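Quick notes on the structure that follows.
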Amino acid sequence: MAAPVTSAKPVTETHTETQATVQKLTIGKALNAGLRAAMEADDKVIMMGEDVGKLGGVFRITDGLQKDFGEHRVLDTPLAESGIIGTAVGLAVRGFRPVCEIQFEGFIFPGFDQISSQLAKLHYRTQGEVKVPVVIRVPFGGGIGAVEHHSESPESLFSHIAGLRVVSCSNPVDAYWMIQQAIRCDDPVLFFEPKRLYHSGALKAPVDTTATPDPLFASRTVRQGTAATVVAYGPSVPVCLDAASAAAEEGRSLEVIDLRTLSPLDLEPVFESVRRTGRLIAVSEAQSESSITSEIAARVQQECFYSLEAPVLRVTGFDTPYPPAKLEEHYLPDLDRVLHAVDRALEW
Amino acid sequence: MAAPVTSAKPVTETHTETQATVQKLTIGKALNAGLRAAMEADDKVIMMGEDVGKLGGVFRITDGLQKDFGEHRVLDTPLAESGIIGTAVGLAVRGFRPVCEIQFEGFIFPGFDQISSQLAKLHYRTQGEVKVPVVIRVPFGGGIGAVEHHSESPESLFSHIAGLRVVSCSNPVDAYWMIQQAIRCDDPVLFFEPKRLYHSGALKAPVDTTATPDPLFASRTVRQGTAATVVAYGPSVPVCLDAASAAAEEGRSLEVIDLRTLSPLDLEPVFESVRRTGRLIAVSEAQSESSITSEIAARVQQECFYSLEAPVLRVTGFDTPYPPAKLEEHYLPDLDRVLHAVDRALEW
Amino acid sequence: MSSPEQWTRPQSGAGSAATAAQPSPEQVIAGLRATTEGGAELTQLLTPEGERLPSPQFDPYLTDVDAETLRGLYRDMVLVRRADRECNAMQRQGQLGIWVPLLGQEAAQVGSGRALQPQDMAFPSYREHGVAYTRGVDFTELLGIFRCTDHSQWDFAGHRFHPYTIVIGNQVLNAAGYAMGQKFEGKVGEEPDAEATICYFGDGATSQGDVHEGFVWAAVYDAPLVFFCQNNQWAISEPTERQSRLPLYQRARGYGFPGIRVDGNDVLACLAVTRWALEECRRGNGPVLIEAYTYRMDAHTTTDDPTRYRLSDELEAWKLKDPIERVRVHLSRSGGADQDYFDEVQAEADRFAAELRDFCFAMPDPPPERLFSSVYSEPSPQLDAQREEYLAYHAGFADGGHR
Amino acid sequence: MSSPEQWTRPQSGAGSAATAAQPSPEQVIAGLRATTEGGAELTQLLTPEGERLPSPQFDPYLTDVDAETLRGLYRDMVLVRRADRECNAMQRQGQLGIWVPLLGQEAAQVGSGRALQPQDMAFPSYREHGVAYTRGVDFTELLGIFRCTDHSQWDFAGHRFHPYTIVIGNQVLNAAGYAMGQKFEGKVGEEPDAEATICYFGDGATSQGDVHEGFVWAAVYDAPLVFFCQNNQWAISEPTERQSRLPLYQRARGYGFPGIRVDGNDVLACLAVTRWALEECRRGNGPVLIEAYTYRMDAHTTTDDPTRYRLSDELEAWKLKDPIERVRVHLSRSGGADQDYFDEVQAEADRFAAELRDFCFAMPDPPPERLFSSVYSEPSPQLDAQREEYLAYHAGFADGGHR
Ligand SMILES: Cc1ncc(C[n+]2csc(CCOP(=O)(O)OP(=O)(O)O)c2C)c(N)n1
Ligand SMILES: Cc1ncc(C[n+]2csc(CCOP(=O)(O)OP(=O)(O)O)c2C)c(N)n1
Ligand SMILES: [Mg+2]
Ligand SMILES: [Mg+2]
């Protein structure tokens with residue numbers, strides 16, 4: 001049905017003559033534009049979630065879509081996440097391509113069973129006969145000064161569940177394309193959105209809707225360097241890029257890789273980089289224990305055993321629940337903690 | 001209230017003159033005896049779950065308890081795991097010490113939300129004011145020729161959630177003591193039981209109910225060796241011990257460590273061992289991605305960077321859903337795969 | 001048969017709903033008497049003695065049912081039971097890893113399954129071998145699950161019969177979503193190709209959050225979904241009163257859609273009531289909850305030991321309500337079939353079972369590659385590497401090489 | 001007031017339960033009219049105009065309510081509203097990260113909260129500041145959550161008021177477990193210290209599986225639990241008809257316990273009905289569901305913009321049903337209080353708010369160590385190491401040192 005998303009072909013065309021093909025967008029607006037494009041391209045694409053209709057979602061990512069596509073394509077669902085995901089599975093079996101919004105990552109857990117028992121496994125269970133092209137959009141991460149359950153980073157849990165694809169974007173161009181590619185993908189995709197960057201003016205970037213996007217399931221080197229490699233995803237990518245700029249001023253050249261696909265991982269670019277730099281710092285807001293950064297360290301120490309001049313170091317959230325937000329500056333990896341780790345790696 | 005479980009004091013006494021203090025028990029019978037001892041020691045200890053009453057659980061681990069302690073202490077609950085865990089949380093707040101049985105690990109997911117949002121976090125949320133001493137017993141692992149959802153190893157997911165303690169036993173003596181220690185612990189404990197070993201006659205061992213147990217949250221070296229270290233837990237421990245015996249016949253001396261506590265990890269014994277052997281193989285039936293074995297590799301490569309003569313290697317389930325059971329012999333780490341990894345580590 | 005108008009225009013004369021919301025003591029009691037039939041609450045068209053009871057409400061759904069149809073239903077049930085028994089035996093002989101017997105539930109499954117139109121969709125739990133059969137799924141195709149060679153393997157879209165679902169309650173939400181899709185696609189209404197969905201689950205399942213959410217979703221979206229609850233009195237060792245105070249069909253009252261209890265051992269009643277419910281759904285008056293009141297005559301699965309938790313008296317009482325026997329008696333008495341016919345069906349059933357047996361014994365194990373296939377719809381380099389590495393390692397053994 | 005006997009002895013004269021299970025069209029309609037009061041279904045003791053309506057069923061629960069009690073309830077509501085408004089303002093001034101206003105729900109919260117005995121337990125959601133107040137929790141103790149300095153910080157056991165629960169529905173199961181515990185400990189019965197539990201949740205929450213499972217558990221274990229659903233008409237931007245066809249109190253009908261709709265803007269009705277429900281529970285006739293029909297007069301939270309999804313007409317209509325005003329009018333007319341009293345209460349409320357404000361502005365940030373404390377009840381070497389490492393690193397900055 002859908003063209004392989006790993007192809008480099010653009011997945012949408014500009015839909016009217018009058019609309020500019022290049023616009024400066026925030027990540028939030030780029031996601032909105034991407035969702036709109038996906039809905040225009042395929043009328044089986046529907047949005048589901050709490051408050052995604054009139055309100056446009058609490059972050060306004062689905063703003064205007066119900067107005068333009070109607071209540072049957074943008075569903076304000078009852079308040080229950082297992083219901084959202086469980087019915088999305090059924091809709092997908094019927095031939096729809098549901099895009100579910102989970103209001104905040106902390107509320108994905110009531111839907112965990114449907115995700116792990118049905119969404120992740122139906123394709124394998126049926127030897128590919130039943131496809132469940134459901135996208136679950138999850139605003140995640142901290143730094144927004146919120147109350148409990150609104151700042152977590154549970155992506156590692158999903159990366160441990162076979163059958164799911166987990167991705168995260170860190171900039172408007174990726175946001176625009178990756179969401180469309182995820183929707184076209186026949187596999188279930190957990191799409192982690194860096195919520196504190198949604199409306200960041202600083203990250204606003206020109207999005208060319210006629211461009212050729214990178215493939216969805218590939219990592220990308222976003223800054224080249226020689227002294228050490230820093231790998232991150234989602235909201236940590238801008239932090240690492242800032243750290244790299246700061247390090248450059250101090251005369252140290254950092255390579256920064258944006259993972260983009262969190263499961264399955266695409267670590268080839270990381271291996272290749274570490275073979276050159278000999279040092280790796282993996283950064284994530286998530287707790288470290290049994291996480292994606294653990295996996296990166298485990299695989300890199302194996303693949304690059306003789307290249308590593310220091311152990312893979314991790315800069316992550318601590319192994320505590322997410323703290324009251326007045327303490328989040330301590331919890332979240334920031335420029336200083338990244339540079340501190342770089343220092344340690346270089347001094348090893 | 002309860003004495004610290006990390007103390008080495010025995011947590012129960014033999015309760016009648018007539019009962020022998022040393023009996024040869026299977027893991028299943030040892031768990032049953034441990035539960036009985038815990039119920040005798042503290043009348044706030046109650047059992048909850050599906051079919052735990054008259055039936056004694058589908059594995060008979062709670063056999064006879066309802067008959068002896070009554071329907072108010074051994075509850076056949078309605079069929080819903082969120083309900084089991086959510087009400088256990090409330091019962092714990094009221095002062096009970098509920099021990100929940102999840103029938104098979106594949107059915108823990110409907111309860112995931114209550115585990116991660118309430119059980120794991122109430123203590124932190126309230127700065128320790130609210131304690132939720134709930135034990136969740138989870139028969140886990142494969143090799144029993146079962147249908148889907150009955151052979152999984154989801155323990156890594158829980159090890160990623162701060163606030164939970166995750167443990168696993170691999171022999172009757174530990175089964176008897178660890179379950180009692182878990183019940184006395186004021187923290188929530190996920191207690192993973194190696195279901196295919198429940199009734200293993202080969203593992204039957206004398207359990208001395210007057211002995212002094214090891215602390216609950218400590219790993220244990222179960223076989224000393226010099227050439228390489230193998231770390232495992234639960235059902236993989238006997239596999240690794242067998243592998244070590246086989247290796248010994250080939251003249252290679254393997255050290256085997258039983259993790260026992262899976263989160264937080266107690267890796268000091270592993271670090272110490274790896275500093276001597278220079279090689280580590282981590283074994284688990286779980287998928288490898290973002291797992292406990294990833295975490296072990298990540299931490300060992302950091303702590304033992306200069307001691308490692310080969311990368312930490314992992315022998316695990318593959319990153320697929322659990323396959324149809326006719327294929328499980330390929331999926332599960334067995335003696336040959338462990339030895340193959342040892343070979344690779346030694347040849348590195 | 002109610003029409004949409006009846007559903008949306010208020011009528012006078014209803015008492016205070018506040019009062020209605022307080023169940024009467026006898027309603028509470030009824031829930032506690034889990035193994036009584038429910039008396040007047042039960043829709044029954046064929047008594048255990050084979051007597052046909054008239055029903056002004058449901059007879060209109062059986063106008064096409066003549067002796068031939070009845071013989072067909074009889075044959076369906078005998079075949080399904082025979083196959084069920086064969087599988088049970090094959091499990092004992094080590095040919096299947098486990099079997100989930102449907103013994104006693106033939107009428108509920110065949111009756112409801114035969115009520116479906118080809119365009120309708122069915123979402124089973126794990127015991128619906130009889131429904132599978134009515135959907136045209138070959139019994140041999142069910143074996144892989146229980147022989148542990150696959151996880152569900154038939155033409156799901158072709159038969160409109162979803163994979164078996166083992167996690168209790170999950171399929172109810174999946175079915176609600178599917179039915180919402182039928183609605184969104186305009187397949188609900190008076191057209192001849194109008195569609196509906198049926199979803200099977202047990203008495204125990206009613207406690208699960210997913211089943212509730214399925215009720216909420218289906219009600220809110222007016223989904224054409226028939227919830228078919230086979231109350232076989234037991235959730236493994238737990239009787240229905242561990243799940244509910246009230247009879248289960250009454251759960252529907254709190255959501256605003258009809259709930260009805262049918263004699264689950266009466267194939268005619270199951271057929272008629274399910275046809276009615278599907279028709280309601282097809283026309284846009286869904287959802288509907290049916291509680292088929294029946295009994296699990298065998299163990300929960302072949303690994304279960306029911307003697308630990310229930311008395312054989314109960315079994316004996318239910319034997320008198322056997323779903324097949326009452327059709328046989330009715331056919332005999334009414335002249336719809338004679339002993340020759342019954343013998344012929346029995347012989348056919350034996351052949352059916354023998355074929356199943358031959359098939360099962362010859363089933364090959366899946367190749368190790370299967371382990372790695374179809375995790376994703378597109379290749380994953382990470383997984384490909386794991387496969388290559390494992391297969392190479394494995395080939396080392398085959399070649400007689402070292403590990 | 002029903003007694004246990006009434007619940008367990010069957011009476012004659014009930015119609016077919018199967019019929020009862022099919023909701024009438026008007027019941028369906030009622031659910032669709034989410035913003036109508038429900039007419040006869042609504043229990044109201046004090047009209048919006050301040051008129052006291054007699055109620056044979058509920059007046060017995062108000063025999064101790066004299067002018068002083070009424071003045072007390074009035075004062076409670078004024079104080080709570082004033083504090084709520086102050087917090088809302090402080091959020092606008094950046095002193096709180098977020099505020100969850102209760103404006104309009106004062107009567108539901110104060111009425112139900114004041115119905116509790118000291119030995120009773122309450123499980124709130126996240127909007128129950130008025131209930132917290134009635135439980136003796138100091139309003140200042142609520143601020144930490146919203147200033148993001150803590151996650152809930154009061155004497156939970158002392159006040160018998162559980163931490164706020166943000167994940168929708170979770171607390172309903174926790175409350176069911178707690179109430180089961182009360183039952184298991186023999187605290188249900190005729191003794192004067194008999195206990196009950198109350199659990200708060202919203203209209204939106206009724207869709208969650210956990211709420212259903214809470215209903216199932218409480219019913220099956222006869223738990224002394226009052227489910228108190230504040231139907232404030234909105235779950236953020238979604239009106240109640242996105243969650244249900246029927247009025248929410250009717251959900252109870254499917255489980256076999258009473259459900260009742262009370263005017264949530266009527267503090268007397270909330271007090272009386274909750275007392276009745278608690279009494280039922282205390283005596284062993286629980287659980288009971290109360291739907292308090294009210295309205296969220298402000299935004300969902302300070303981050304919400306309700307102009308995007310609802311009309312101001314609605315707000316205007318509900319202003320006429322203000323929970324405080326009707327008590328004021330009633331007190332005035334009945335001579336229970338005069339203007340001086342009202343002025344005095346207003347002045348007290350202003351002082352209350354000023355103190356709250358002073359407290360809030362002076363609240364210190366928690367120390368970084370807090371991040372690592374109380375993850376477990378016993379120390380974890382792994383976490384200790386993380387703490388030591390971080391604090392040393394952090395101290396490096398404080399000392400003006402390099403990162
Ligand atoms: C979520 C979940 N929990 C537990 C189980 C284990 N289990 C399998 S069948 C069963 C009982 C089901 O009873 P019921 O719903 O009445 O269906 P029946 O088996 O009687 O047809 C249980 C507890 C499961 N499959 N899924
Ligand atoms: C499981 C979960 N999903 C989503 C949310 C986000 N959320 C917070 S409040 C709310 C609406 C709740 O509505 P209702 O139950 O009516 O309570 P109200 O806020 O109106 O008091 C939502 C969707 C949440 N807190 N928890
Ligand atoms: Mg059953
Ligand atoms: Mg609400």
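Only a predicted model underlies this, so the values are computations on that prediction, with no experimental measurement involved. Throughout, protein chains are lettered first and strands after them, A, B, ... in sequence-line order, and every chain is numbered starting at 1.
- Contacts from residues 264-276 of chain A to chain B, taken as heavy-atom pairs separated by less than 4.5 Å, involve A:Pro264, A:Leu265 in sequence order.
- Of all residues in residues 280-297 of chain A, those placing a non-hydrogen atom less than 4.5 angstrom from a non-hydrogen atom of chain B are A:Ala286, A:Gln287, A:Ser288, A:Glu289, A:Ser290, A:Ser291, A:Ile292, A:Ser294, A:Glu295, A:Ala297.
- Most heavy-atom pairs under 4.5 Å with chain B, from the set A:His149, A:Glu303, A:Gln114, A:Glu148: that is A:Glu148.
- Using a 4.5 Å cut-off between heavy atoms, B:Ser263 touches chain A through backbone and side chain atoms alike.
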Side chains of residues 115-122 of chain A: which donor-acceptor pairs under 3.5 Å do they make with residues two or more places apart or in other chains?
{"unit_1": "A:Ser116", "atom_1": "OG", "unit_2": "A:Phe112", "atom_2": "O", "d": "3.4"}
{"unit_1": "A:Ser117", "atom_1": "OG", "unit_2": "A:Asp113", "atom_2": "O", "d": "3.2"}
{"unit_1": "A:Ser117", "atom_1": "OG", "unit_2": "A:Asp113", "atom_2": "OD1", "d": "2.8"}
{"unit_1": "A:Gln118", "atom_1": "OE1", "unit_2": "A:Arg125", "atom_2": "NH1", "d": "3.0"}
{"unit_1": "A:Gln118", "atom_1": "NE2", "unit_2": "C:Asn170", "atom_2": "OD1", "d": "3.0"}
{"unit_1": "A:Lys121", "atom_1": "NZ", "unit_2": "A:Ser116", "atom_2": "O", "d": "2.7"}

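- Here the shortest heavy-atom pairing between A:Phe305 and B:Pro311 reads CE1-N, 3.4 Å.
- The closest side-chain heavy-atom distance from B:Trp348 to A:Tyr306 is below 4.5 Å.
- Contact count against chain A (heavy-atom pairs under 4.5 Å) is highest for B:Ala310 among B:Gly106, B:Cys304, B:Ala310, B:Ser82.
- In this structure, the side chains of A:Val312 and B:Gln302 stay at 4.5 Å or more apart for every pair of heavy atoms.
- At a heavy-atom cut-off of under 4.5 Å, chain A is reached by B:Ser156, B:Leu157, B:Ser159, B:His160, B:Ile161, B:Ala162 from residues 154-164 of chain B, listed in order of number.
- Only the side chain of B:Glu152 has a heavy atom closer than 4.5 Å to any heavy atom of chain A.
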